[in-house]
S.K.: 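Handing you a structure now.
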Amino acid sequence: MKNTSKHEGLRNQLANLLEYKGITDKKVLEAIKIIPRHLFLDSGFEDFAYQDKAFPIAAGQTISQPYTVAYQTQLLQVKKDHKILEIGTGSGYQTAVLCMLGAKVYSVERQNELFKTTSALLPKLGIRPKHLSFGDGYKGLPNHAPFDSIIVTAGAPVIPKPLMAQLKIGGRLLIPLGKDEQVMTMLIRKNETQFEKHEFGDFKFVPLLENKN
């Protein structure tokens, strides 16, 4: 797995572009500069890996646009040792960004092919989430709850109730909400029963799939 000075230069250019587009969290930009995105893609896409675009990966899924990854991460306001639940491991790129920021990442992936590939890739890159799981993201990981933050990396028509229940008081749940196009939506848990809702514009994600045994 090659990671050359050319790749490093392309990552720096990408980080500069994301900063120009409004990403202000320096730690997020630093993670973008460090993580070799080309290694999370099929080798046929290597020449395009540092464009600010989404690309197809296995199982009909996508690796999110770098801006989207950076934007979601910035909204979470990640702190070192934050316990974060990620719904939709996918390629593992978003997972890597969260780990790079010092978070303790618990991630769930519904597609077995992706789960196996990403579980093998991340340790090779020195990236070690606390827990990777193959299962139904709608159910979250109740045995590991509560979480400081929950990030959903696929579009959902509704906010899954189990995820709301697994969020700490004061925690943030970030989810692209809607069917064909999504509104980036954040819930901040105020107490046992109340959540404060914020919306951050339109995005387009692959759908969040459920009912996986």
Side-chain angles (χ1 to χ4, degrees), residues 54-78 82-95 97-98 103-115 118 129-213:
F55 289 105
I57 55 173
Q61 304 301 297
T62 60
I63 182 172
S64 291
Q65 180 183 353
Y67 174 77
T68 304
V69 171
Y71 188 71
Q72 281 196 285
T73 307
Q74 179 169 284
L75 285 174
L76 285 184
Q77 298 183 4
V78 180
H82 261 191
K83 191 174 172 184
I84 298 180
L85 173 61
E86 178 189 34
I87 304 300
T89 317
S91 68
Y93 182 67
Q94 173 73 76
T95 319
V97 170
L98 294 171
K104 295 175 178 175
V105 183
Y106 296 72
S107 191
V108 183
E109 175 53 53
R110 185 190 181 280
Q111 302 285 355
N112 200 25
E113 181 183 0
L114 282 176
F115 170 69
T118 303
K130 290 291 286 184
H131 182 79
L132 294 177
S133 175
F134 170 56
D136 184 351
Y138 270 81
K139 297 174 183 173
L141 289 174
N143 292 342
H144 296 280
F147 297 96
D148 293 296
S149 298
I150 298 174
I151 179 172
V152 181
T153 65
V158 296
I159 302 173
K161 290 284 198 301
L163 299 187
M164 294 170 69
Q166 291 170 38
L167 191 64
K168 278 184 183 176
I169 292 171
R172 297 173 169 228
L173 192 164
L174 191 60
I175 183 168
L177 208 52
K179 285 193 175 176
D180 297 323
E181 290 199 351
Q182 293 83 35
V183 175
M184 190 66 73
T185 304
M186 182 161 65
L187 296 184
I188 300 176
R189 187 166 199 172
K190 307 308 284 183
N191 54 42
E192 286 298 325
T193 57
Q194 291 180 306
F195 292 81
E196 185 178 286
K197 184 178 177 183
H198 301 266
E199 294 183 343
F200 298 94
D202 297 335
F203 287 80
K204 196 164 182 64
F205 284 77
V206 293
L208 181 65
L209 304 174
E210 62 177 323
N211 299 328
K212 188 71 183 177
N213 295 326

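As a basis for the values below, the full set of heavy atoms in this structure was taken, side chains included, without hydrogen atoms, waters or symmetry mates.
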S.K.: I'd like to know whether H198 forms a side-chain contact (heavy atoms from CB on, under 4.5 Å) with L75, so could you lay out the CA-CA distance, the side-chain angles of the two residues, the decisive distance to 0.1 Å, and finally the verdict.
M.R.: CA-CA 11 Å; H198 301 266; L75 285 174; over 6 Å; no
S.K.: Would you compute the distance between atom CD of Q74 and atom CG of L174 and round it to the nearest 0.5 angstrom?
M.R.: 11.5 Å
S.K.: Can you find a pair of side-chain heavy atoms, one from I169 and one from E192, that are under 4.5 Å apart?
M.R.: yes
S.K.: Holding to salt bridge (charged side-chain N to carboxylate O under 4.0 Å, His left out), I want the full list of residues that pass it with K130, two or more places apart in sequence or in another chain.
M.R.: none
S.K.: Which pairs would a plain distance check flag for residues 61-69, meaning a side-chain donor or acceptor within less than 3.5 Å of a matching protein atom at least two apart in sequence or in another chain?
M.R.:
residue: Q61; atom: NE2; partner: A59; partner atom: O; Å: 3.1
residue: Q65; atom: NE2; partner: D52; partner atom: O; Å: 3.4
residue: Q65; atom: NE2; partner: D52; partner atom: OD2; Å: 3.1

S.K.: Supply the atom-to-atom distance R172 CZ to L76 CG, rounded to the nearest 0.5 angstrom.
M.R.: 7.5 Å
S.K.: Can you name the nearest heavy-atom pair linking L85 to G140, along with the distance?
M.R.: CD2-CA, 4.1 Å
S.K.: Which residues pass the side-chain hydrogen bond (donor to acceptor under 3.5 Å, both in side chains) test with S91, sequence neighbours left out?
M.R.: none
S.K.: Apply side-chain contact (heavy atoms from CB on, under 4.5 Å) to T89 and F115, showing your working.
M.R.: CA-CA 7 Å; T89 317; F115 170 69; 5.8 Å; no
S.K.: More than 12 heavy atoms of other residues, nucleotides or ligands under 6.0 Å from CG of N191: yes or no?
M.R.: yes
S.K.: Would you check if the side chain of E109 reaches a backbone N or O of L114 as a donor-acceptor pair within less than 3.5 Å?
M.R.: no
S.K.: Looking at CG of L98 and OH of Y106, how far apart are the two atoms once the value is rounded to the nearest 0.5 Å?
M.R.: 13.5 Å
S.K.: Is it true that a side-chain atom of D148 and a backbone atom of I84 form a donor plus acceptor pair closer than 3.5 Å?
M.R.: no
S.K.: Over 60° means perpendicular and under 30° means parallel, so classify the ring planes of Y71 and F200, tilted if in between.
M.R.: perpendicular
S.K.: I'd like to know if the side chain of R189 and the backbone of M164 have a donor-acceptor N/O pair within less than 3.5 Å.
M.R.: yes
S.K.: Does the pair F205 and M184 meet the rule for a side-chain contact (heavy atoms from CB on, under 4.5 Å), with working shown?
M.R.: CA-CA 10 Å; F205 284 77; M184 190 66 73; 3.9 Å; yes
S.K.: Which residues satisfy the salt bridge (charged side-chain N to carboxylate O under 4.0 Å, His left out) test with K197, sequence neighbours excluded?
M.R.: E199
S.K.: Under the 3.5 angstrom rule, does the side chain of Q166 hit a backbone N or O of K139 as a donor-acceptor pair?
M.R.: yes
S.K.: Give every donor-acceptor pair under 3.5 Å between a side-chain atom in residues 150-163 and any protein atom, sequence neighbours left out.
M.R.:
residue: T153; atom: OG1; partner: I87; partner atom: O; Å: 3.1
residue: T153; atom: OG1; partner: G88; partner atom: O; Å: 2.7

S.K.: Please identify each residue that fulfils side-chain hydrogen bond (donor to acceptor under 3.5 Å, both in side chains) with S149, with sequence neighbours left out.
M.R.: none
S.K.: If every non-hydrogen atom of H144 is compared with every non-hydrogen atom of K83, which pair is closest and at what distance?
M.R.: O-NZ, 2.5 Å
S.K.: F195 and L167: side-chain contact (heavy atoms from CB on, under 4.5 Å), yes or no, with the steps?
M.R.: CA-CA 10 Å; F195 292 81; L167 191 64; 4.2 Å; yes
S.K.: Quick check against the 3.5 Å criterion: does Q182 have a side-chain atom that pairs as donor or acceptor with the backbone of K179?
M.R.: yes
